[in-house]
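Encoded as structure tokens, the structure appears first; notes follow it.
Chain naming here is simple, since letters A, B, ... match the order of the sequence lines and numbering starts at 1 in each. Excluded from the calculations below are hydrogen atoms, water molecules and symmetry mates; all remaining heavy atoms, backbone and side chain alike, are included.
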Protein chains: 2
Amino acid sequence: MKSTIYDIARLAGVSTATVSKVINNTGRISDQTRERINRIMEDLNYRPNVLASAMKGKSTYQIAFLIPDIDNPIYAQYLKHIEAYGQELGYNIVLCSTDNDFAKETRHITLLRQRRVDGFIIASKFKNDELLKQLVEEGFPIALFAHERPGISIDSVTVDDYMGGYLASKHLHSLGHRKIGVVGEDSISSDERIRGYKFALSEANIPVDNKLIVVGGATLQEAEQSAAVLLDSEDRPSAIFGCNDILAIGVMQAAKARGIRIPEQLSVIGFDDTPLCSIVSPRLSSISLPVRELGKHVTDIIISKIEHSDTVKQRIRLLPELADRDSTAPVNM
Amino acid sequence: MKSTIYDIARLAGVSTATVSKVINNTGRISDQTRERINRIMEDLNYRPNVLASAMKGKSTYQIAFLIPDIDNPIYAQYLKHIEAYGQELGYNIVLCSTDNDFAKETRHITLLRQRRVDGFIIASKFKNDELLKQLVEEGFPIALFAHERPGISIDSVTVDDYMGGYLASKHLHSLGHRKIGVVGEDSISSDERIRGYKFALSEANIPVDNKLIVVGGATLQEAEQSAAVLLDSEDRPSAIFGCNDILAIGVMQAAKARGIRIPEQLSVIGFDDTPLCSIVSPRLSSISLPVRELGKHVTDIIISKIEHSDTVKQRIRLLPELADRDSTAPVNM
DNA sequence: ATGAAAGCGCTAACAA
DNA sequence: TTGTTAGCGCTTTCAT
């Protein structure tokens, strides 16, 4: 049978209070008893029951990570770093898929609170604003990841999507492209990226043509359909900005299906710089995110909220960079 | 403040025992009190504290899922289905990366047991045999996923790797290839797949040439190096079987770097049939796994062990299928 | 420096 | 049908 704090206390000839103190490094204990207790704990391979200590208000050392969709490799990347860094600090990650579904996210949150997870990292475009606000008000450790909610006062760690959209479009423009299409999806990040695109155009004195902006589904297939609208128009763009790599790859496939050569006849650029970029051909230019740093930042924020009930709110926004590869080239007139 | 079972009891004018009984649907309670209690719980939005009930020996409704490496999309796929199905049954997934590291896996397991997770699904090539055996002996709910350990009596859910290797090689052979290379990695699955390959050859009366079998690292880059050995030999194979999609894509890239056209000059086939297959060009032929069913099976096994302390052991082995795409073609002599 | 004891929120055996 | 009560394993005041 697993040994308890009572076993240790009995064997050491002390009270459980004393044992508890050496476990938690609190109160004053003589070096002698401390050592004796430590030895006995080692001998019995004693591990405190986290449940019991959590019941007394201590943490469970669990952080929930909510994502919309594991299929997009960028989430796997996020997960990877958050898990790795959390692990270093003694925290486990409870992973939950929300599928961007209002009911699912709500259910998850209530369930996870019952489980007494210590905090939430939310990387999905959370729909239940009320719940979010409520959690924040209660002071529950929570942080948004990879997407912001301008209206709510809540911690967040994101990449500067606006900047990234600008960078991507600017790159295209610097290659001589003036007719630049966009394939986006329905999300705040995507919107921001498109705002950046528009700014790049306006900076170059190119009027924004809304027919060049197609916002559709997030899957590869849906992206192909969105791209089709652009590609099949009589006066098709010479370059397309996909608001994430999946979308951009959808564009590539649509182009390929139409015999449009990349980058000779069409430049394509993505966003996120996932490992997919080096796997497709031509290799996809993209906007790269400091994934590890993003992960480290949220984890740090959440944990400092958990451990020091830190209350200051912050919005950390890291800057993306251009990852220039083979899918973008000077415009061919 | 969160309400407790005491609040409910007080408001309903009954004892906590009664409330507990309606929560857990045990004992006999009059419809009248049951309804009254239920109403009050609804009104207060009462949620039982899982920690407290877990302390009384009930489950935590958490299953740990150990994987070696999130970078291979097949693990993301597994994760996706296990999470989704677990979610349906009220279980959360605690995700842990082991990086195939003995120390890490050991640390994880002990930590997770402290956390009182209900069971383990292990999808990494687990190194600590002793620990594994010990867990099994203790009757701890545990199942191996996507890889077996012939030596240990333990539940497992896998795909028939041998069969898959056979299928892949047979397909290549049926296209007229006789000089077929293999790029594998250091894992039991990979070994099995190679055994299947050998069987396909022997069935076709082709002698096995060990120089055609290269076992190396698991990353894309390492796969390229493995492929190089094959591709740069004076008498290079006309087809290569990559023991998973990443490896196969490494082969494709190595071929591309050498100006070897696929499938005209080299046929390539992978294993796992990840979404990557449709993204590379030419689209990669592969061996497809019934991923959803695999996930459902392990989850079911683990949960039945948890809930009915089911003790019969089973090895479920599902059959893979050929997914024929554009990277394989008749040999060109 | 150490211990006694109350209690976290729940369950279950036993009584009534 | 319902209630009393003794824990689960730990933390934490308050004494000593």
Side-chain angles (χ1 to χ4, degrees), chain A residues 1-38 40-41 44-62 110-118 306-307 309, chain B residues 1-38 40-41 44-62 110-111 113-118 306-307:
Chain A
M1 210 31 222
K2 271 248 166 278
S3 46
T4 75
I5 199 171
Y6 286 102
D7 302 325
I8 308 297
R10 187 161 24 77
L11 263 61
V14 298
S15 76
T16 60
T18 309
V19 178
S20 176
K21 276 168 198 151
V22 351
I23 293 173
N24 299 293
N25 252 309
T26 54
R28 19 205 104 274
I29 304 289
S30 73
D31 286 359
Q32 195 195 331
T33 36
R34 177 192 313 285
E35 264 170 41
R36 183 156 35 93
I37 292 174
N38 273 326
I40 296 179
M41 294 199 298
L44 295 200
N45 194 21
Y46 166 73
R47 306 280 164 215
N49 181 327
V50 184
L51 261 40
S53 81
M55 275 210 51
K56 297 295 296 185
K58 302 221 140 187
S59 38
T60 54
Y61 292 95
Q62 297 198 133
T110 42
L111 210 65
L112 290 163
R113 297 199 64 183
Q114 275 180 259
R115 304 258 202 286
R116 296 293 188 277
V117 299
D118 294 329
I306 294 169
E307 299 189 344
S309 38
Chain B
M1 211 31 220
K2 270 257 175 262
S3 45
T4 74
I5 199 171
Y6 287 102
D7 302 325
I8 308 296
R10 188 160 26 77
L11 263 60
V14 297
S15 76
T16 60
T18 308
V19 179
S20 176
K21 277 170 197 149
V22 350
I23 294 173
N24 298 294
N25 252 308
T26 55
R28 16 206 106 274
I29 303 290
S30 73
D31 287 359
Q32 196 195 333
T33 36
R34 176 191 314 284
E35 265 170 40
R36 182 155 37 92
I37 291 174
N38 273 326
I40 295 179
M41 293 199 296
L44 294 201
N45 194 20
Y46 166 74
R47 307 278 164 218
N49 182 328
V50 184
L51 259 41
S53 82
M55 276 209 51
K56 296 296 296 185
K58 303 222 138 186
S59 38
T60 54
Y61 292 95
Q62 297 197 134
T110 42
L111 209 65
R113 296 199 63 184
Q114 276 180 259
R115 304 257 203 287
R116 296 294 187 275
V117 298
D118 294 329
I306 294 170
E307 300 189 345

For nucleotides 10-16 of chain C, just jot down a letter per nucleotide in 5' to 3' order: B, S or -, based on protein non-hydrogen atoms under 4.0 Å.
BBB----

If each of B/Ser30 and A/Leu51 is mapped to the nucleotide of DNA chain D with the nearest heavy atom, which maps nearer the 5' terminus, i.e. the 5' end?
B/Ser30

For residues B/Arg115 and B/Thr60, report the shortest heavy-atom separation together with the two atoms involved.
O-CG2, 4.3 Å

Could you check if a side-chain atom of A/Asn25 sits within less than 4.5 angstrom of a side-chain atom of A/Arg34, using non-hydrogen atoms only?
yes

Atom pair distance, as rounded to whole Å: CZ in A/Arg10 and C1' in C/dG3
17 Å

Please name the pair of heavy atoms, one in A/Thr16 and one in A/Ala9, separated by the smallest distance, quoted to 0.1 Å.
N-CB, 3.7 Å

If you apply the rule side chain to side chain contact (heavy atoms under 4.5 Å, CB included), what do you find for A/Met55 with B/Met55, and how did you get there?
CA-CA 9 Å; A/Met55 275 210 51; B/Met55 276 209 51; 3.7 Å; yes

A/Gln114 CD to C/dC8 P, in whole Å, measures 19 Å

Round to a whole Å and report the spacing from NZ of A/Lys2 to P of D/dC10.
10 Å

Would you name the heavy atoms of B/Asp7 and B/Lys2 that are closest together and state the gap between them?
OD2-O, 4.2 Å

Write down the distance between CZ (A/Arg28) and C1' (D/dT12), rounded to a whole number of angstrom.
16 Å

Atom CZ of A/Arg116 to atom C1' of C/dG9: distance rounded to whole Å?
9 Å

Is the distance from OP1 or OP2 of C/dA1 to the nearest side-chain N or O of A/Thr33 less than 4.0 Å?
no

Minimum side-chain heavy-atom gap B/Ile23-B/Ile8 below 4.5 Å:
no

Terminal axes of the helix from C/dA1-D/dT16 to C/dA16-D/dT1 (five pairs each): angle between them, nearest 10 degrees
40°

Expressed as a whole number of angstroms, how long is the span from A/Ile8:CD1 to D/dT11:P?
12 Å

Could you report the tightest heavy-atom contact between B/Ala54 and A/Leu51, atom names first, then the distance?
CB-CD2, 3.4 Å

Determine the minimum heavy-atom distance between A/Asn24 and A/Lys58, stating which atoms define it.
OD1-NZ, 3.5 Å

Which residue lies toward the 5' end of DNA chain D, B/Gly27 or B/Met55, if each is placed at its nearest nucleotide?
B/Gly27

So, for A/Thr4 and A/Tyr46, which heavy atoms are closest and what is the spacing to 0.1 Å?
C-CE1, 3.6 Å

Using whole Å, what does the distance between atom C1' of nucleotide C/dT2 and atom CD of A/Gln32 come to?
13 Å

